[in-house]
K.L.:
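Quick one: structure below, then a few questions.
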Amino acid sequence: MPSEVDITLTTASLDEIKRYFNSSEVRNSSNEPIALAKVKLLLSAISSAPSEVNNSLVNDALNLILSFAGNLSAESIKSVVGDVEFYLKDEGNKDRTISITTTILPTLISFLPPTSSPLSAIMSSFHQSYATTIASVLREILGTNSSLNIDDAAWVKMVGGMNRDNIPTLLYQLLLLSSSLPPTSTPPVLRILDAASKTISLLSPADPSDKFIFATTLSHFLSALRNNRELAKTVLKYAKGELSSNPSPLTFARMSLFSVMLMVGLSSSSLSLKDSAISELKNLFVSCVSYGLKSKDSKWIHRTISAMSLSSARATVSSSHMMDMIDSLISISSDSAAFETVASTLIDLGFLLIDEVKRDNKTPSLVHAESAVQGRALLTRIFGMGGRKEVGMRKTIVKKLSMHSTGRAPNAIEHAKLLNSLVQETDTRSYLVDFAPDLAEWLLHLATGGLPPKAATDSLLPALFMLLEKNNAALDTTFVFTKKSLFCADIARRSAGASFLVMIYTATVLYSPDPAAEEELLGYISRCLGQSLEMRLAIYGTVTTIINCDPMDLRAASALSNILSAQLERLVEEKEGEEEAKERRERGITLSQGEGGGGGLSQVAQDANIKEGCPVKLDLIVQEGNLKGAGDRAGGTLALAKDMITE
């Protein structure tokens, strides 16, 4: 226990002690008891120094103790350590006690033999408010004394000191401390993370002060895992439930915001662990989707949840609950250094969820389909975040979307649907405008076979049409690459190209009027209309798509009517008027006389051969093979009627 004799810490008293320490009588080892008394008095003065005492004076006093500690015997040093232990038992002057402990305790312990270290007494008796300080000191001592043993009681005491105010720093110190120790049968990480999970569960991300604690905890956690690969491996084992018989935190029963934070932290630790961490997070998300779908109308599951004493909110947990936790994670990290790591992990998660719908599975399950929907919703959420630092995240999303949708990528159609989600929201569409030229380049893959026609017409076409209003500079690129697809051998790709011609023509009329370009585009469209039925149907379908995705005005209506009129002119022959018939007869008489005086048919005979009939050009409507033989008039009529109705 410290001496009851006290001194007041002032510059004068400190100078007096300095002179005493430097005197010849103190240098004589026989006067060690006197020197020890002075050290203990100085230590007592530091511990009781009021807050107005300058910190530099306190540091000078502590450094003075350290400079003289080397001259003390082991028993004297233990006595000084005993004083430090006494101060740690009570909160008292907490700031001064923390300064004393962190500054002199590691050095004093280093002067003692490992076998006679008095740390065990300190670790069993310190006040829990000093848990962070003790963990920091133990980490420093471990650097010089690797044989240091920290018993279970000390771990329980340090972990028990975790609360909302100290969780960021204490979690960081405890994780690094545990990673510095040799493996044990019950890893301290298990205790540490369980305690952190309970503490985090008491916080509310909506509360500003709690939000700051969340963000700081996440940043410290990421830093600890990046700095220690072995620690990251141990945390991954904890997440998978391999450290105890308790359920994994990545299960429905134990899922929480802390579970998501664990996986995000692991994804930033190393490339080898990133895939495992994101995969585990994806599995957790899919399990939530699955449970949500199964429990939607199941009274049995709700009764089971009630019997398990879970909260009523947990009984309705689903993908929306998981999205709420992810939204909270985005919110708490948006203003911290951890945002880039969080966003990068969630972007990878979003694309993994979309990949739940496999390309070779023509009828995906409801769970996989809903997982893909949630993946697109997550990516849309991140893409729509405003701010300068989010620009890089948007570029990453567009780049990854291009990789997953073009170049013969699997699941291209499912990934391309993200474009539909992005253009539906005003905010995300405004951000996507800048990427219109990049999206236009996808059409090059349509011509070369790297982009599925369905992805092009269902997702890329409506997205580009809406983006070209604000960025019509991409019109030329779109037109150039579209023309390449018109020469493909595959009819589906040519039909997709014809659909894009309609879109480009309408966009030109609406956003960048150019009579010459419009005439050229109409010529291309007319030639496409004269080809196969598939191409004509594709053009008609695009007209419908454009009508649905854009409020029609007179210019758009006029543009689309020009396209349909051009096809109508090809299919319907105008009836000859009286004046035209008279002129034709006169030309016929003139030609007949000029060829030798009556050598040709008389005009009466020619008129007799002209029969009034249907003005529709059947040869341009009826497809080859539709009409059967003359003996099967019913079959031919049905085939013709079907084709005409289709047109």
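In this chain, residues are counted from 1 in sequence order.
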K.L.:
For Ser272 and Arg229, does a side-chain donor sit closer than 3.5 Å to a side-chain acceptor?
P.N.:
yes

K.L.:
With sequence neighbours excluded, what pairs up with Asn93 under the side chain to side chain donor-acceptor pair (under 3.5 Å) test?
P.N.:
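Here no residue qualifies.
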
K.L.:
Apply side chain to side chain contact (heavy atoms under 4.5 Å, CB included) to residues Phe214 and Leu218 and explain how you reach the verdict.
P.N.:
CA-CA 6 Å; Phe214 266 115; Leu218 180 60; over 6 Å; no

K.L.:
Donor-acceptor check, side chain of Arg394 to backbone of Thr428, threshold 3.5 angstrom: yes or no?
P.N.:
no

K.L.:
Can you confirm whether Leu177 sits close enough to Trp155 that some side-chain heavy atom of one is under 4.5 Å from a side-chain heavy atom of the other?
P.N.:
yes

K.L.:
Could you check whether any side-chain heavy atom of Ile326 comes within less than 4.5 Å of a side-chain heavy atom of Gln374, counting everything from C-beta outward?
P.N.:
no

K.L.:
Atom CD1 of Ile65 and atom CG of Leu43: how far apart are they, to the nearest 0.5 Å?
P.N.:
4.5 Å

K.L.:
Side chain to side chain contact (heavy atoms under 4.5 Å, CB included) between Ser256 and Ser201: does it pass, once the steps are laid out?
P.N.:
CA-CA 8 Å; Ser256 63; Ser201 66; over 6 Å; no

K.L.:
Rounded to the nearest 0.5 Å, what's the gap from CG on Leu352 to CG on Asn283? Could you check?
P.N.:
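Going from the CG atom of Leu352 to the CG atom of Asn283 covers 9.0 Å.
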
K.L.:
Are the side chains of Val260 and Met322 in contact, using a 4.5 Å heavy-atom criterion?
P.N.:
yes

K.L.:
Taking the side chain from Thr217 and the backbone from Ile213, do they hold a donor-acceptor pair closer than 3.5 Å?
P.N.:
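Checked: pair present.
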
K.L.:
Is the side chain of Ser328 donor-acceptor paired with the backbone N or O of Asp324 at a distance under 3.5 Å, no angle test?
P.N.:
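Here the side-chain-to-backbone pair exists.
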
K.L.:
Is there a donor-acceptor contact under 3.5 Å linking the side chains of Ser267 and Thr345?
P.N.:
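Yes - a donor-acceptor pair under 3.5 Å links their side chains.
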
K.L.:
Distance-only criterion, 3.5 Å: show the donor-acceptor pairs between side-chain atoms of residues 125-134 and protein atoms not counting sequence neighbours.
P.N.:
from   : atom 1 : to     : atom 2 : distance (Å)
Ser125 : OG     : Glu85  : OE2    : 3.4
Ser125 : OG     : Ala121 : O      : 2.7
His127 : ND1    : Ser129 : N      : 3.1
His127 : ND1    : Ser129 : OG     : 2.8
Gln128 : NE2    : Lys157 : O      : 3.3
Tyr130 : OH     : Asp90  : O      : 3.0
Tyr130 : OH     : Glu91  : O      : 2.7

K.L.:
Output all residues satisfying side chain to side chain donor-acceptor pair (under 3.5 Å) with Asp427, sequence neighbours left out; order by chain, then residue number.
P.N.:
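Partners of Asp427 by the side chain to side chain donor-acceptor pair (under 3.5 Å) criterion come out as none, since no residue qualifies.
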
K.L.:
Has Ser110 got a side-chain atom pairing as donor or acceptor with Thr107's backbone, closer than 3.5 angstrom?
P.N.:
yes

K.L.:
If I take atom CZ from residue Arg96 and atom CG from residue Leu62, how far apart are they, to the nearest 0.5 angstrom?
P.N.:
9.5 Å

K.L.:
Which heavy atom of Gly265 sits nearest to which heavy atom of Leu222, and what is that distance?
P.N.:
CA-CD2, 3.1 Å

K.L.:
What pair of heavy atoms forms the shortest contact from Met385 to Ser334, and how long is it?
P.N.:
CE-CB, 4.4 Å

K.L.:
Excluding sequence neighbours, so at least two apart, what forms salt bridge (Lys or Arg N to Asp or Glu O under 4.0 Å) with Arg164?
P.N.:
Asp210

K.L.:
To the nearest 0.5 Å, what is the distance between NZ on Lys198 and CD1 on Ile167?
P.N.:
12.5 Å

K.L.:
Just how far is it from atom CG of Leu284 to atom OG of Ser259, taken to the nearest 0.5 Å?
P.N.:
6.5 Å

K.L.:
Answer yes or no: is there a side-chain heavy-atom contact under 4.5 Å between Val289 and Leu353?
P.N.:
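Val289 vs Leu353: side chains apart.
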
K.L.:
Determine whether Met393 and Phe339 make a side-chain contact, defined as any pair of heavy atoms from C-beta on separated by less than 4.5 Å.
P.N.:
yes

K.L.:
Among Leu112, Leu36, Val39, find the residue that satisfies the side chain to side chain contact (heavy atoms under 4.5 Å, CB included) test when tested with Ile77.
P.N.:
Leu112

K.L.:
Kindly determine whether Leu203 and Phe258 satisfy side chain to side chain contact (heavy atoms under 4.5 Å, CB included), including the steps that lead there.
P.N.:
CA-CA 11 Å; Leu203 305 179; Phe258 187 70; over 6 Å; no

K.L.:
What I'd like to find out is whether the side chain of Leu138 reaches to under 4.5 Å of the side chain of Leu142, using heavy atoms alone.
P.N.:
no

K.L.:
Hey, could you give me the CG/CD1 distance between Leu105 and Ile100, rounded to the nearest 0.5 Å?
P.N.:
10.5 Å

K.L.:
Within the side chain of Ser402, is there an N or O that forms a donor-acceptor pair under 3.5 Å with the backbone of Val398?
P.N.:
yes

K.L.:
Using every non-hydrogen atom in the two residues, find where Leu273 and Leu266 come nearest and quote the distance to one decimal.
P.N.:
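Shortest heavy-atom separation between Leu273 and Leu266 comes out as CB-O, 4.1 Å.
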
K.L.:
Taking all non-hydrogen atoms of both residues into account, name the closest pair between Ala196 and Leu171 and its distance.
P.N.:
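Closest heavy-atom pair between Ala196 and Leu171: CB-CD1, 4.0 Å.
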
K.L.:
Looking at every heavy atom in both Met323 and Phe285, which two are closest together, and how far apart are they?
P.N.:
SD-CZ, 3.7 Å

K.L.:
Is the shortest heavy-atom distance from the side chain of Ile46 to the side chain of Tyr87 under 4.5 Å?
P.N.:
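They are not in contact (no side-chain heavy atoms under 4.5 Å apart), so the answer is no.
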
K.L.:
Asn166 side chain to Gly161 main-chain N or O, any donor-acceptor pair under 3.5 Å?
P.N.:
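Such a contact is found between Asn166 side chain and Gly161 backbone.
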
K.L.:
In plain terms, say whether Asp348 and Lys274 are close enough for a salt bridge, that is, a side-chain N and a carboxylate O under 4.0 Å apart.
P.N.:
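Looking at Asp348 and Lys274, the cut-off is met.
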
K.L.:
So, does Ser99 use its side chain to make a donor-acceptor pair with the main chain of Asp95 at under 3.5 Å?
P.N.:
yes

K.L.:
Which residue pairs pass the ring-ring contact (aromatic ring centres under 6.0 Å, His included) test when at least one of the two sits in residues 91-110, sequence neighbours left out?
P.N.:
none

K.L.:
On a heavy-atom basis, which atom in Pro205 and which in Ile332 lie closest, and how many Å separate them?
P.N.:
CB-CG2, 4.0 Å

K.L.:
Any donor-acceptor pair under 3.5 Å linking the side chain of Ser44 with the backbone of Lys40?
P.N.:
no

K.L.:
Does Phe221 reach the side chain of Leu262, with side-chain heavy atoms less than 4.5 Å apart?
P.N.:
yes

K.L.:
Taking only residues two or more places apart in sequence or in another chain, which ones pass ring-ring contact (aromatic ring centres under 6.0 Å, His included) with Phe351?
P.N.:
His404, His415

